[in-house]
Amino acid sequence: MSLFIVNRYLGMEEDGSVSKESQSQVLLAKLQQKAKEKQKQSLTEQRPDLFEKQTLQLVDKKKRRADKDSSQEPQHHKKRNSEVAPLCELSSANHDEPVKEKINKKGLNARPKKKKKNLTDSSPQCLSEPPVTGRDGPEDSEAAEADNYRLKQTTEMSSTPIGFTVVGGFENKPFQKIQRVLPQWLAQPDVIHRDIKNNQVPISDISQLCAPLVKKLQNNGIQHFFPVQAEVIPAILESMQLGLLIGRGGYKPRDICVSAPTGSGKTLAFVIPVIQMLMERVVCEVRALAVLPTKELAQQVCKVFTSYAEGTTLKVVMLAGQRSFAAEQASLSEQSGGISRSLADIVVATPGRLVDHINKNSGLCLKHLRFLIIDEADRMIESMHQSWLNHVVRAVFRSGSDQRSMSVFRRTEPAYITAASLSPPQMPLQKLLFSATLTQNPEKLQQLGLHQPRLFSSLHRCSNITTPAVPNHKQERFDFPQGLTEHYVPCTLSSKPLLILHFLLRMKLSPILCFTNSRETAHRLFLLVQLFGGVNAAEFSSRLSPGERKKKLKEFEQGKIQLLVCTDAAARGIDINRVKCVVNYDAPQYIRTYIHRIGRTARAGKTGLAFTLLLRVQEKSFLQMVVDAGSPGIQKQIVKHENLQSMEPRYEQTLQELAMVIKDERAK
Ligand SMILES: Nc1ncnc2c1ncn2[C@@H]1O[C@H](COP(=O)(O)OP(=O)(O)OP(=O)(O)O)[C@@H](O)[C@H]1O
């Protein structure tokens with residue numbers, strides 16, 4: 001028993017007179033017509049002009065045949081055509097549309113759906129139904145009409161200008177890359193001269209400087225300011241003209257960002273104005289906080305602050321983990337009469353240790369904080385994941401919510417500038433950012449919540465465009481120290497240690513600061529050079545304790561060590577006066593790492609050499625990276641094999657000894 005009865009739709013049954021046979025014939029004709037259409041379609045796509053000619057001939061032939069038939073046609077044919085006729089009448093009776101239109105629609109609707117054509121091709125053939133031809137079934141006249149209509153359509157279409165595009169096409173058009181626009185303060189910075197030597201400014205020209213500080217600078221052998229100092233020191237002093245409470249014109253002082261080459265004197269650019277501003281203070285409170293990425297940098301900046309705070313009542317405290325937490329806590333504040341009294345005016349800290357003290361040490365009070373100095377700012381932004389800045393901002397404005405501090409010093413977190421938010425004068429928190437590779441990416445700078453920032457930059461990255469596009473990571477350009485000469489040395493892995501020994505023993509380039517990409521490589525190279533003999537070497541990495549690292553840096557600075565093998569822990573900011581040459585034993589992966597490494601030499605306007613040992617596979621990409629970053633030029637330095645040959649026998653022997661030493665160390 002059949003489960004389902006399928007009634008096939010064979011078209012309209014007007015008076016029931018149409019027989020089953022003729023219906024199936026109609027259906028057969030439709031299917032044949034469809035097959036022919038497909039055939040024609042493929043012909044159309046290959047030769048549209050040929051097809052059009054054939055179509056015209058066919059239509060004429062059909063017309064002639066139709067005329068001839070109509071005069072001699074037998075009865076049943078007439079009937080079949082009459083089948084078509086009611087269709088036409090029906091459509092013309094019910095709607096005023098031209099019959100062809102209706103037939104066309106009906107005809108089209110009644111036909112099985114066609115396969116979607118590729119709409120991306122905007123040729124007329126693809127935009128309308130392909131013209132139908134060549135049929136020998138009972139719908140000849142219907143088809144002829146349809147042909148005419150379509151042909152008319154096609155010719156019309158072919159005569160209409162083909163220029164329009166199909167909206168929503170799938171072709172992959174080359175899109176114009178959207179260029180973001182830098183904010184005004186980034187696009188038009190205050191330009192700092194790059195040439196340190198020829199643009200020094202006598203200290204006496206900075207009239208806002210107080211006499212004690214001028215004297216202190218001269219005692220330290222500093223007669224002139226470098227360009228970055230000559231520009232930034234007056235700008236910071238100007239923002240403090242009306243005292244700590246308010247900035248120029250009664251408004252909140254603008255935050256300041258400084259981007260200047262390595263060794264250009266950025267440290268003094270913030271130490272001098274902060275010392276001058278705080279040296280007149282009466283009550284000891286933490287009013288300046290400098291945050292740096294590493295212990296060594298914190299130590300170095302703390303030393304400069306301490307040196308210029310001598311002779312004043314200012315106290316500088318370092319929170320970098322060099323001492324125990326309790327010792328640091330004791331140096332920050334003391335309890336007297338139940339009240340916590342601050343023992344520090346200036347705090348120099350690393351992010352991790354600072355957050356520890358904010359969270360665990362109630363003695364650290366930041367409600368009077370006026371300056372937040374972020375040195376090596378681009379590195380600090382990267383490491384923002386510790387969200388140390390949020391902790392600092394909360395600590396500064398948290399105390400504002402205390403009832404007790406409803407005094408004039410009540411501080412509310414900066415929000416939109418309104419009359420209400422400006423009415424009670426309150427201590428502004430001014431951020432001072434410094435870096436040799438400050439990012440120009442507004443999204444990254446956004447994290448810092450800068451207030452109307454002002455940028456001092458030694459490299460006007462896009463001087464010819466008023467509102468330049470945001471440089472993407474390929475285009476960011478940086479400033480290279482003036483007196484630096486860069487080289488790259490093609491080498492093989494096995495010849496790298498020999499090249500270091502060649503630089504030391506043959507070329508006498510010591511003291512050399514040698515950077516590796518890992519502390520294991522640094523350790524092995526240090527052991528190898530030490531076993532080879534003839535060179536006083538040391539290593540500087542996190543394998544050593546902070547005390548040992550400090551000792552090695554000191555000996556290196558004193559000239560007791562000719563080769564200091566370091567990791568990137570020593571790459572940023574470390575200021576060692578006598579470094580004549582920096583060697584990248586391993587090519588740095590990132591341009592910022594490269595710039596900070598080679599920036600350990602050619603400081604303060606002096607000259608310096610930088611060598612990068614490159615394997616053949618590294619050359620192309622590394623050189624491209626350096627050139628894209630704006631390097632003035634990197635020269636190829638070939639070291640002939642014969643220059644290294646004399647050291648090879650000793651070197652082979654050293655490799656065996658090294659294997660033993662490393663094996664013993666592993667055993668330990
Ligand atoms: N006006 C000056 N005259 C002479 N020497 C100076 C002057 N200013 C700074 N120096 C010296 O230049 C050296 C580099 O200074 P500093 O460390 O501040 O550079 P920097 O820009 O911070 O470098 P980096 O970007 O690597 O941190 C220091 O040894 C410093 O004593």
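Note that the numbering runs from 1 along the sequence shown for the chain. None of these values were measured; they are calculated from a predicted model. Numbering of ligands and ligand atoms starts at 1, following listing order.
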Which parts of the protein, at residue level, reach under 4.0 Å of ligand 1 through a heavy atom? I222, H224, F225, F226, Q229, P261, T262, G263, S264, G265, K266, T267, L268, E376, G573, D575, N577, R600, R603, A604
Q635 and E486 side chains, donor-acceptor separation under 3.5 Å: no
Heavy-atom nearest pair, A298 first then L292, reads CA-CD1, 4.0 Å
Fit a plane to each ring of H487 and F611, take the angle between them on a 0 to 90° scale, and name the class: parallel (under 30°), tilted (30 to 60°) or perpendicular (over 60°). parallel
salt_bridge(E548, R543) N-O dist < 4.0 Å: no
Parallel, tilted or perpendicular, judged at 30° and 60°: which one describes the rings of H357 and F325? parallel
Y590: which residues meet the ring-ring contact (aromatic ring centres under 6.0 Å, His included) condition with it, sequence neighbours left out? none
